[in-house]
Number of protein chains: 2
Amino acid sequence: MNVGEVAALAGVTVRTLHHYDRIGLLSPSGRTAAGYRRYSAADLDRLHQVLLYRELGFPLEEVATLLDDPSADPVEHLRRQHRLLRDRLDRTAAMVAAVEKEMEARQMGISLTPRERFEVFGDHDPEQYEAEVQERWGDTDAYRESSRRAAAYTKDDWVRVTAEGEDVEARMAAALQAGVAPDSPEAMDLAEEARQQISRNFYDCSPEVHAGLGRLYVEDERFTAHYERRAAGLAQWVSTAVQANAARQGA
Amino acid sequence: MNVGEVAALAGVTVRTLHHYDRIGLLSPSGRTAAGYRRYSAADLDRLHQVLLYRELGFPLEEVATLLDDPSADPVEHLRRQHRLLRDRLDRTAAMVAAVEKEMEARQMGISLTPRERFEVFGDHDPEQYEAEVQERWGDTDAYRESSRRAAAYTKDDWVRVTAEGEDVEARMAAALQAGVAPDSPEAMDLAEEARQQISRNFYDCSPEVHAGLGRLYVEDERFTAHYERRAAGLAQWVSTAVQANAARQGA
DNA sequence: GCTTGACCCTGACGCGACGTCAGGCTGTGC
DNA sequence: GCACAGCCTGACGTCGCGTCAGGGTCAAGC
């Protein structure tokens, strides 16, 4: 793909892509004979990461260091993005609530204190963010050592995580074939196991979130295909089990 | 208050306040003999509005025109801020969901299409935002006329809205004194009336949101005082009624 | 084959919203 | 009375692009 197409797809301007190329944040992997930039699928992938981090308020230079860190695997980026997005969700919800409180107060003829009104602005990312930067980039030998170990851990973990996922899926398939109903306690327990596994290995997956994923399993054909390859009807079975489990927990 | 105190309170730097003064966005209402800036309560109020709009991505110059528009009452600002914040909440939630989908896909060995991944960025504020600017600033005579009428409406509405609020509150107080239980259908109907009134006159107030407000009535002493001035025990009564009504509607 | 118009390139300057000194005045606790 | 935190006004720097300017490229139609 050339610049114009990429820009249209990603919702940025051509100038922005030029800029990212210039500062070395995202250089297209190839050029035509005439010097036209050619973007590969991997380039698009990186652009996606860049835009996410940018949206989250990271300066571009820091985005570059984050993405060029060889010891950071993709899952780590996703996990960080997820955490930051949830923080932002919470903050925005707090601001919405503050505006609602303000309107209500106004109607009743009550006035809020300045301190109260500014509360919602005060302290957000910078602190936690600084803390994370310190944690990640404190450049001591100890850091570099632990970083290497962390990278090693991550690889081991990856194998373990995949195996865990396989295990639960296999037991779900077995249950389906044994005629276990997807809304039975047994099925729900398996769904709960899957949920806790996600929470341990990826991000904090609430019953509500898990129910959303459950819907995905039947609505998105690629997820459906993944389950159906293992056993016919498994996608629907897992979807139902996950949602029943979420409902059981009050979601 | 002088610059340093205001800056600390609002979570901005002194330089930012200097900047706002220089560009005429927020000039303190007074100065000491030595030239020190003195900020009044009204100045703090304006700063609060500025920071909210800034957070929402408005350029400072536009913030100035919005806040200096004599035909825009405070409620209109709050309503707009509420709408924009909810939009942002929705967008952030969508991004969170997208990241979750991505992780799930990755674990299953599925890859999403570029188009899909960029979907969540594509189109946000600019369009609606432009539309609103057009709507508000299309400078025709018709606009100016309707603007005047809208401003007039707003004042009439304000009287009507206050009267409506008074009416519901009075009937709630009467019900309390007549011994109506706050979780009775009659009380819940009154709560529902209050909720619909907020939705009509201020912003879309879902049962969940209303339940939140209900909690406020007993948690925040000023809201409590507002109700208690009318009748002893009314704050708790209304709070319970509102939350019971929300629960009745599945919130 | 030639033109036309959309698309691409590389500078280079501009801008918004501050950050960051520099150099100097002010207010207060000991 | 003096140290030191806090305030003032320039003035220049920075980041993430927007916006020309001046010129090459490519597919389509004549």
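This structure is a prediction, so every number in the text was calculated from the model and none was measured. All values below were derived from every heavy atom in this structure, side-chain atoms included, with hydrogens, water molecules and symmetry-related copies excluded. Residue numbering restarts at 1 for every chain, and letters A, B, ... go by the order of the sequence lines.
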Does A:T13 make a side-chain N or O approach to OP1 or OP2 of D:dG18 shorter than 4.0 Å?
yes

Give the residues of residues 41-51 of chain B touching DNA chain C, defined as any heavy atom closer than 4.0 Å, sorted by residue number.
none

May I ask you to verify if any side-chain N or O of A:N2 is less than 4.0 angstrom from the OP1 or OP2 atom of C:dC7?
no

Describe the nucleic acid contact of B:T32 in one word from base, sugar-phosphate, nothing, applying a heavy-atom distance below 4.0 Å.
nothing

Mind checking the CD-CD1 spacing from B:E61 to B:I23? Nearest 0.5 Å is all I need.
8.5 Å

Send over the distance from B:L25 CG to C:dG16 P, rounded to a whole Å.
14 Å

Starting at atom CZ of B:F58, determine the distance to atom P of C:dC18, rounded to an integer number of angstrom.
16 Å

Of all heavy-atom pairs between B:E55 and B:R88, which one has the smallest distance, and what is that distance?
O-NH1, 3.0 Å

Using a heavy-atom cut-off of under 4.0 Å over every strand shown, decide if A:L60 touches base, sugar-phosphate, or nothing.
sugar-phosphate

What is the distance from CD of A:E61 to C1' of D:dC15, rounded to the nearest Å?
10 Å

Any sub-3.5 Å donor-acceptor pair from A:T65's side-chain atoms to A:E62's backbone N or O?
yes

Taking CG from B:L17 and P from C:dG19, how many angstroms apart are they, rounded to a whole number?
10 Å

In this structure, how many angstroms lie between the P atom of D:dC26 and the CZ atom of A:R38, rounded?
10 Å

Give me, pair by pair, the N or O atoms of the protein and of nucleotides 8-12 of chain D that are less than 3.5 Å apart, along with how far apart they are.
from	atom 1	to	atom 2	distance (Å)
D:dC8	OP1	B:R37	N	3.0
D:dC8	OP1	B:R37	NH1	2.7
D:dC8	OP2	B:H18	NE2	2.7
D:dC8	OP2	B:R37	NH1	3.3
D:dC8	O5'	B:R37	NH1	3.3
D:dT9	OP1	B:R31	NH1	3.1
D:dT9	OP1	B:R31	NH2	3.4
D:dT9	OP2	B:R37	NH1	3.1
D:dT9	OP2	B:R37	NH2	2.7

Cationic N near anionic O, under 4.0 Å, B:R38 to B:D43:
no

Find the distance B:H19:NE2 to D:dG13:C1' and express it as a whole number of Å.
14 Å

Specify the separation, in whole Å, of atom CZ of B:R54 and atom C1' of C:dC18.
9 Å

With B:D90 via salt bridge (Lys or Arg N to Asp or Glu O under 4.0 Å) - residues at least two apart:
none

Donor-acceptor contact present, side-chain A:R117 to main-chain B:L44, <3.5 Å:
no

side-chain N/O B:Y20 vs C:dC18 OP1/OP2, d < 4.0 Å
yes

Nucleotide D:dG6, atom P - distance to CD of B:E5 in whole Å:
10 Å

Under a 4.5 Å cut-off applied to non-hydrogen side-chain atoms, are A:R80 and A:L66 in contact?
yes

Does A:T16 place a side-chain N or O at less than 4.0 Å from the phosphate oxygens OP1/OP2 of D:dG18?
yes

Determine whether the side chains of A:R54 and A:Y20 contain a donor N or O and an acceptor N or O closer than 3.5 Å.
yes

Any chance you could measure B:H19, atom NE2, to B:T13, atom OG1, to the nearest 0.5 Å?
10.0 Å

